[in-house]
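Here's the structure, in structure tokens; my notes come after.
Order of the sequence lines fixes the chain letters, A, B, ..., with proteins taken first and strands second; residue numbering starts at 1 for each chain.
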2 protein chains.
Amino acid sequence: MANDTVPDFKPLAVLVNPNVAEAEKIAREAVSQHKMLLVSGNCSVRYQGRAKSQLEPGERVLIIKQDGSLLVHRSVGYEPVNWQPPGCIFHTQMRGNILEVHAVRQKPAESVKVSFDRILMVSALSLEDSGEFSLYASEEDMQKAILCRPSLLEEGFKPISYEKRVQPGFVDVYGVDKDGKLVVVEIKRKTAGKNAAIQLAKYIDAVKSRADREVRGILAAPSIAKEVQRTLETLRLEFKPLDPKKCAETLRRSRTTRLAEFFVEK
Amino acid sequence: MANDTVPDFKPLAVLVNPNVAEAEKIAREAVSQHKMLLVSGNCSVRYQGRAKSQLEPGERVLIIKQDGSLLVHRSVGYEPVNWQPPGCIFHTQMRGNILEVHAVRQKPAESVKVSFDRILMVSALSLEDSGEFSLYASEEDMQKAILCRPSLLEEGFKPISYEKRVQPGFVDVYGVDKDGKLVVVEIKRKTAGKNAAIQLAKYIDAVKSRADREVRGILAAPSIAKEVQRTLETLRLEFKPLDPKKCAETLRRSRTTRLAEFFVEK
DNA sequence: AATTAAATTTCGCCT
DNA sequence: AGGCGAAGTTTAATT
């Protein structure tokens, strides 16, 4: 069939109750095009690698992701019954009337073989997903937490304003330390990179040019990239570890105890 | 619509590119009928509980299982980006043109809300799955391992036969101990329950009635249920811990290194 | 029910 | 690339 040699690039392919050979075609294309593949049907699974297992026939859901990870889910349980972490090479083939999906990984050398003799549904998906995932607290939450309890940043810190407009943009938090020195705070939710340091330096310059006195710059983030540490020293900036989890707890506590009404949400 | 009040019990429902309200109907029925639900589409996710997280919009796959577990999978990564272990209560609703799937768990109090504004595919599945899952070794492998290296059972044990036919069925392994006493071995791959003890007792009786001399009965399994321990004592049977992992290693070694038979481990 | 220990742990950060 | 520690860990077994 000419169709067999011309893979189509539809973003979404779904077959319901297909015969096994039809499903194999979808699976093969999905794997080669690095789409996500969903297959539900009757299968057995053999795994060999760090451990070894055998799963007798039954109806399950197979998921293959574009990064080369594999999941076999039964009808119950949070964890997959069989799986492989990202980095597998996949191969599909018909063996008689059985669809075999083979996943191979090296280091450690492992293999998972899923054999379907009946397919309920097969689906190949091109998923567009650039949405950010933030755990514990958003950057905004961390900002609120510092405003709510300034000692999270350092003892004696007093916030003056937040999202203060300066030349290059907005300063996350702006205040004075226990000695009355101006403090500019830049917050990052993840490990602070070079950009964060540079951004902070620009804010400092902008504030200095208007205040004409000493200004401390503090980069507050859960951690800092090693190489940026030296950048900070060069720029005479400081780093303060700030745990998003702690921020979230602080916020939650301050909200429940009704003390946070001063700080308008969003 | 009358149809709305009469849920159908088809074993397999699939909609491709449905409108969100159609998807909600499938999702609601799947949840109420404790089927497995697969939804792929554009969604955002909010989680609050032991921790707290926010996932900005993007295309993902949602899985809800009949035991009340929930998984949200992105296009990459072995782990779900959001999840709930088994035991959730689900609630679906339309909020404007958004499908909200809400999962609530208590102890710990947690909630996950998945909001879809576009559905690629929704599927409700009744999965039949009674297939056994065996890790490291099947019962047969454990049997072979004992035959291959009898010391796994006990020092001085000598197998005579396996799958020996007696009245009630087949004895897994049959042999003599270091003192020449007859030994009947019953093997279980998982924690041995009452049935295993009773089965073994029947075999013993059968063998005794023919041999008319003392017969030891040994239940070999990775572990034994607490209450069965006393049953064993009453029946004058013995329990021997037998680890499937060790059996698998033994088998593998005996297959690969033909010379290792001399060197008894441990 | 609470605690402990293992997992084909996975994952990220650091050396 | 290998090692160490944390995880919304989960899961099973034990007290």
Side-chain angles (χ1 to χ4, degrees), chain A residues 45-55 65 67-74 76-88 103-113 133-137 189-193 221-229 241 243-246 248-249 252, chain B residues 45-55 65 67-74 76-88 103-113 133-137 189-193 221-229 241 243-245 248-249:
Chain A
V45 185
R46 279 179 44 162
Y47 155 71
Q48 193 148 27
R50 290 163 293 177
K52 174 190 166 185
S53 73
Q54 167 81 33
L55 178 61
K65 294 191 182 185
D67 63 349
S69 48
L70 174 150
L71 305 164
V72 179
H73 273 281
R74 306 188 80 162
V76 295
Y78 158 79
E79 293 185 330
V81 59
N82 282 111
W83 73 90
Q84 279 298 293
C88 287
V104 177
R105 183 163 77 121
Q106 339 204 2
K107 234 171 129 51
E110 300 199 289
S111 99
V112 173
K113 191 167 75 181
F133 176 72
S134 45
L135 188 60
Y136 291 124
R189 205 188 55 76
K190 297 179 180 176
T191 300
S223 58
I224 184 169
K226 197 72 171 272
E227 66 277 15
V228 181
Q229 191 113 36
D243 181 16
K245 189 170 182 173
K246 212 163 191 171
E249 280 170 16
R252 186 162 43 78
Chain B
V45 184
R46 279 179 43 162
Y47 154 72
Q48 194 148 27
R50 289 163 293 178
K52 173 189 166 186
S53 73
Q54 167 81 32
L55 178 60
K65 294 192 182 185
D67 63 350
S69 48
L70 175 149
L71 306 164
V72 179
H73 273 281
R74 306 187 81 161
V76 294
Y78 158 79
E79 293 184 329
V81 59
N82 282 111
W83 72 91
Q84 279 296 294
C88 286
V104 176
R105 182 163 78 122
Q106 337 201 4
K107 232 177 125 56
E110 299 199 290
S111 97
V112 172
K113 190 167 75 183
F133 177 71
S134 48
L135 191 59
Y136 288 111
R189 208 194 56 77
K190 296 180 180 174
T191 300
S223 59
I224 184 169
K226 198 76 168 266
E227 66 276 16
V228 181
Q229 191 112 38
D243 182 18
K245 190 170 183 172
E249 279 170 17

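Qualifying side-chain contact (heavy atoms from CB on, under 4.5 Å) partners for Pro241(A), counting only residues two or more places apart in sequence or in other chains: Phe239(A). Looking at residues two or more places apart in sequence or on another chain, you find no side-chain hydrogen bond (donor to acceptor under 3.5 Å, both in side chains) involving Ser111(A). Applying the side-chain hydrogen bond (donor to acceptor under 3.5 Å, both in side chains) rule to Arg105(B) yields the partners Gln84(B), Glu110(B); only residues at least two apart in sequence or on another chain are considered. Contacts of Lys65(A) classified as side-chain hydrogen bond (donor to acceptor under 3.5 Å, both in side chains), with partners at least two apart in sequence or in another chain: His73(B). Among residues two or more places apart in sequence or in another chain, the side-chain contact (heavy atoms from CB on, under 4.5 Å) test is passed with Thr191(A) by Ser223(A), Ala225(A). A search for salt bridge (charged side-chain N to carboxylate O under 4.0 Å, His left out) contacts involving Glu79(A) returns nothing, not counting sequence neighbours. Qualifying side-chain contact (heavy atoms from CB on, under 4.5 Å) partners for Lys245(B), counting only residues two or more places apart in sequence or in other chains: Tyr136(B), Asp243(B), Glu249(B). Taking the side-chain contact (heavy atoms from CB on, under 4.5 Å) definition, one finds that Ser53(B) meets it with Phe133(A), Leu135(A), Tyr47(B), Asn82(B), sequence neighbours left out.
For DNA chain C, the stems formed by at least three consecutive Watson-Crick or G-U pairs, with both atom-pair distances below 3.5 Å, span C:1-7 with D:9-15, C:9-15 with D:1-7.
Across the P atoms, dT8(C) and dT4(C) are found 22 Å apart, a figure rounded to whole Å.
Within 4.0 Å (heavy atoms only), Lys107(B) reaches sugar-phosphate atoms of the nucleic acid but no base atom.
Put simply, the side chain of Asp67(A) never gets that close to the backbone of Pro86(A): no donor and acceptor are under 3.5 Å apart.
With a cutoff of under 4.0 Å to any heavy atom of chain A, the contacted region of DNA chain D is bounded 5' to 3' by dG2(D) to dT11(D).
Interatomic distance, Trp83(B) CH2 to Leu70(B) CG, rounded to the nearest 0.5 Å: 11.0 Å.
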How does each nucleotide of nucleotides 4-15 of chain C score, in 5' to 3' order, for protein heavy atoms under 4.0 Å: base (B), sugar-phosphate only (S), or none (-)? ----BSSS-S-S
